[in-house]
Amino acid sequence: SSLKLDEIKIKHLLPNGGIVVQGKKSSKDAFSIITHNYSTDTSGSEVVFDDLDGYGIDSILFMSGKQQDPAEFIISFVKGKSFKHYYNTQANEVSLASSLAGFSVIGANLYLITRDGNLYGSAIPSGSTTPTLMKKLSKEFPSNAFIYGVSSGTDTHLITKTTTANEALF
């Protein structure tokens, strides 16, 4: 199959085998995540993120322990201090004006931690969503921070790791 972007440049190789490319779509900056179909030696699926003139990649996040699973990721773009976050496809925009550190999906809920230490939650996006601030954690987190969630009936617990080297899991 042919690619949906022109003037492509490879930007990242992903642990799930995908390739992130940057190019042009209708003369505007755009990005794609392309998979390869090894049985037919052709490009497989292509997920396009377009209308991103002037944006660059801020982060590509996979759930902790699920880096090989192509089903759940968040790709974030930045232009100055403006962020655009997408859960799996461009149709599932997560509106949050901050850089993301990590995420976890527990049941039907999406939990996000920002690099500046805020915890947000929402239902798993099916279309655009604006997560709700749940807690200010007063800690800083690196991009692709470890975040692991468990649910014990009515309570949800998130285990994380901050940027501080000698700090225990939080």
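Every heavy atom of this structure was used, including side-chain atoms; hydrogens, water molecules and symmetry mates were not.
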Between [X] and [Y], which heavy-atom pair has the shortest distance, and what is it?
X	Y	value
Tyr87	Glu72	OH-OE2, 3.3 Å
Ala101	Phe141	CB-CB, 3.5 Å
Leu61	Phe103	O-CE2, 3.4 Å
Ala123	Asn109	CA-OD1, 4.1 Å

So, taking the atom named [atom1] in [X] and the one named [atom2] in [Y], what distance separates them when rounded to the nearest 0.5 Å?
X	Y	atom1	atom2	answer
His12	Ile75	NE2	CD1	7.5 Å
Lys139	Leu119	NZ	CG	13.5 Å
Phe31	Gln22	CZ	CD	3.5 Å
Ser59	Phe77	OG	CZ	9.5 Å
Ile33	Phe73	CD1	CZ	3.5 Å
Lys135	Asn118	NZ	CG	11.0 Å

>> Please evaluate residues Phe49 and Lys84 with respect to the criterion side chain to side chain contact (heavy atoms under 4.5 Å, CB included), reporting the C-alpha separation (whole Å), side-chain torsions for both, the decisive distance (0.1 Å), and the verdict.
In response: CA-CA 10 Å; Phe49 302 90; Lys84 291 189 176 194; over 6 Å; no
>> In the structure I gave you, are the side-chain heavy atoms of Pro131 and Leu110 within less than 4.5 Å of one another anywhere?
In response: no
>> For a 4.5 angstrom cut-off between non-hydrogen side-chain atoms, does Asp116 reach Ser98?
In response: yes
Please check: side-chain N/O of [X] versus main-chain N/O of [Y], any donor-acceptor pairing under 3.5 Å?
X	Y	value
Glu46	Lys4	yes
His85	Leu100	no
Asn92	Tyr86	no
Asn88	Ile74	no
Gln90	Asp50	yes

>> Please say yes or no: joined through hydrophobic side-chain contacts below 4.5 Å, possibly via intermediate residues, are Val21 and Val78 part of one cluster?
In response: no
> When you check the gap from the basic side-chain N to the acidic O, do Asp51 and Lys28 get nearer than 4.0 Å?
Replying inline: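 Yes, Asp51 and Lys28 are salt-bridged.
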>> Check this for me: does any side-chain nitrogen of one of Lys25 and Asp6 sit under 4.0 Å from a carboxylate oxygen of the other?
In response: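 Asp6 and Lys25: not salt-bridged.
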>> Walk me through whether Lys24 and Leu5 qualify under side chain to side chain contact (heavy atoms under 4.5 Å, CB included).
In response: CA-CA 5 Å; Lys24 299 281 186 185; Leu5 300 183; over 6 Å; no
>> Checking Asp29 against Tyr55 for the side chain to side chain contact (heavy atoms under 4.5 Å, CB included) test, could you report, in this order, the C-alpha distance in whole Å, the side-chain angles of both residues, the deciding distance, and whether it holds?
In response: CA-CA 8 Å; Asp29 292 338; Tyr55 279 83; over 6 Å; no
> Given the rule in the side chain to side chain contact (heavy atoms under 4.5 Å, CB included) test, do Phe83 and Thr114 qualify, once you have shown the distances and angles that lead to the verdict?
Replying inline: CA-CA 12 Å; Phe83 294 92; Thr114 61; over 6 Å; no
